[in-house]
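In this chain, numbering begins with 1 at the start of the sequence shown. Just the heavy atoms: all of them, side chains too, but no hydrogens, waters or symmetry mates, feed the values below.
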Amino acid sequence: MKTVLRRVLVPVVAVLAGLLPGVVAVDQAAAVTKMTHSQATAIFRAAGITWSSSGNCSDWNNPTCTSFTNINDTTVYGVRTLKQASGCAINLTGGTEVGHASGTYSHRNGYKVDFSLYTCVGNYIRNTFTRIADRGDGAAQWRSAAGNIYALESNHWDVTYYNCGGC
């Protein structure tokens, strides 16, 4: 109830005070909720989403592991939304473990996951989302209606979840 009131009252007060853009940014940043590896894997398992690592491990300090420690809840629910909407198999191969590029919307900060190049999910992304400009490294990109970005790297999809995609 407190969150709902904050999401409704803060913007109304901000509009009256002429501060809406700054308040909305602060409100969105404050809305990020982190999950443990166990919490995330329970949701993935229940949705039929698999995960794997070259090291058969989940230590977020080991780059050969696939960890979901401190992943954003919106990322977890975003993957689940993609699975439900596409009906495709999804195998996660990267999470919050070390070894990925840094930045605000990074793997380590809980915004990104990698998943395998399965034909079904690849076709769903290409046929459902909007093709946008290539990333700086040349990776082709698609944007979902919710604003999440799907980048096609050489051997996996690299996905940035800004929100849960309508969960």
Side-chain angles (χ1 to χ4, degrees), residues 3-4 6-7 24-53 58 60 63 65-167:
T3 301
V4 172
R6 182 172 57 98
R7 288 181 186 259
V24 170
V26 169
D27 186 49
Q28 288 173 345
V32 174
T33 300
K34 300 293 185 177
M35 288 187 161
T36 66
H37 181 82
S38 295
Q39 289 170 323
T41 58
I43 292 165
F44 292 147
R45 188 175 295 110
I49 297 163
T50 60
W51 59 96
S52 59
S53 72
S58 60
W60 89 317
C65 296
T66 297
S67 177
F68 306 115
T69 300
N70 286 337
I71 195 168
N72 297 340
D73 63 343
T74 52
T75 302
V76 171
Y77 294 124
V79 175
R80 186 180 71 181
T81 299
L82 177 67
K83 166 75 173 155
Q84 291 169 339
S86 70
C88 299
I90 296 176
N91 180 63
L92 298 166
T93 59
T96 58
E97 66 280 349
V98 297
H100 299 281
S102 61
T104 301
Y105 298 104
S106 65
H107 282 269
R108 192 66 167 182
N109 287 338
Y111 288 91
K112 294 183 116 184
V113 291
D114 294 336
F115 54 82
S116 299
L117 294 179
Y118 293 155
T119 302
C120 179
V121 74
N123 287 341
Y124 179 84
I125 291 166
R126 288 182 191 93
N127 295 327
T128 306
F129 302 149
T130 303
R131 179 71 161 89
I132 59 174
D134 289 355
R135 205 167 60 183
D137 63 0
Q141 297 186 111
W142 286 261
R143 179 182 291 124
S144 72
N148 299 316
I149 305 294
Y150 295 75
L152 180 56
E153 295 188 356
S154 62
N155 62 353
H156 65 274
W157 287 97
D158 178 76
V159 186
T160 309
Y161 285 100
Y162 300 103
N163 59 67
C164 65
C167 58

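Remark: the backbone N or O of Asn163 is paired with a side-chain donor or acceptor of Asn148 at under 3.5 angstrom. A side-chain donor-acceptor contact under 3.5 Å links Asn109 to the backbone of Gly103. Counting only distance, with no hydrogens or angles, the side chain of Gln141 and the backbone of Ala133 share a donor-acceptor pair below 3.5 Å. Side-chain atoms of Asp137 come within 3.5 Å of backbone N or O of Ala139 as a donor-acceptor pair. Counting only distance, with no hydrogens or angles, the side chain of Thr75 and the backbone of Gly110 share a donor-acceptor pair below 3.5 Å. In this structure a side-chain-to-backbone donor-acceptor pair under 3.5 Å is present from Thr66 to Thr93. Although no hydrogens or angles enter the test, the distance criterion places no donor-acceptor pair under 3.5 Å between the side chain of Lys34 and the main chain of Asp73.
The two residues Asn91 and Ser52 come nearest to each other via the heavy atoms ND2-OG, 2.9 Å. When all heavy atoms of Ala47 and Arg80 are compared, the closest pair comes out as CB-CG, 3.7 Å. Nearest heavy-atom pair, Phe68 versus His37, reported as atom, atom and distance to 0.1 Å: N-ND1, 3.0 Å. When every heavy atom of Arg143 is checked against every heavy atom of Ile132, the shortest pair comes out as NH1-CG2, 3.7 Å. Among all heavy-atom pairs drawn from Pro63 and Gly99, the shortest one is CB-CA, 4.3 Å.
With a 4.5 Å cut-off on side-chain heavy atoms, Arg135 and Ile149 do not count as touching.
Judged as a side-chain hydrogen bond (donor to acceptor under 3.5 Å, both in side chains), the pairs with a partner in residues 117-133 (not counting sequence neighbours) are, in order, Arg131-Asp134.
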Evaluate side chain to side chain contact (heavy atoms under 4.5 Å, CB included) for Leu117 paired with Trp157, printing each intermediate quantity in order.
-> CA-CA 6 Å; Leu117 294 179; Trp157 287 97; 3.6 Å; yes
Between Ile43 and Met35, does a side chain to side chain contact (heavy atoms under 4.5 Å, CB included) hold up when you go through it step by step?
-> CA-CA 11 Å; Ile43 292 165; Met35 288 187 161; 3.3 Å; yes
Hey, mind stepping through Leu92 and Phe115 against side chain to side chain contact (heavy atoms under 4.5 Å, CB included) and telling me if it holds?
-> CA-CA 4 Å; Leu92 298 166; Phe115 54 82; 4.0 Å; yes
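Residues that satisfy the ring-ring contact (aromatic ring centres under 6.0 Å, His included) test with Trp60, not counting sequence neighbours, are absent from this structure. For His156, the ring-ring contact (aromatic ring centres under 6.0 Å, His included) criterion is met by no residue, not counting sequence neighbours.
For the atom pair Lys112 NZ and Thr160 OG1, the distance stands at 4.0 Å (nearest 0.5 Å). A distance of 12.0 Å separates OH of Tyr77 from CG of Asn72, quoted to the nearest 0.5 Å. The CZ atom of Phe44 sits 10.5 Å away from atom OG1 of Thr50, with the distance rounded to the nearest 0.5 Å.
Relative orientation of the Tyr150 and Tyr161 rings is perpendicular, given thresholds of 30° and 60° on the angle between their planes.
No option in Thr96, Ile71, Asp114 other than Asp114 meets the side chain to side chain contact (heavy atoms under 4.5 Å, CB included) test with His107.
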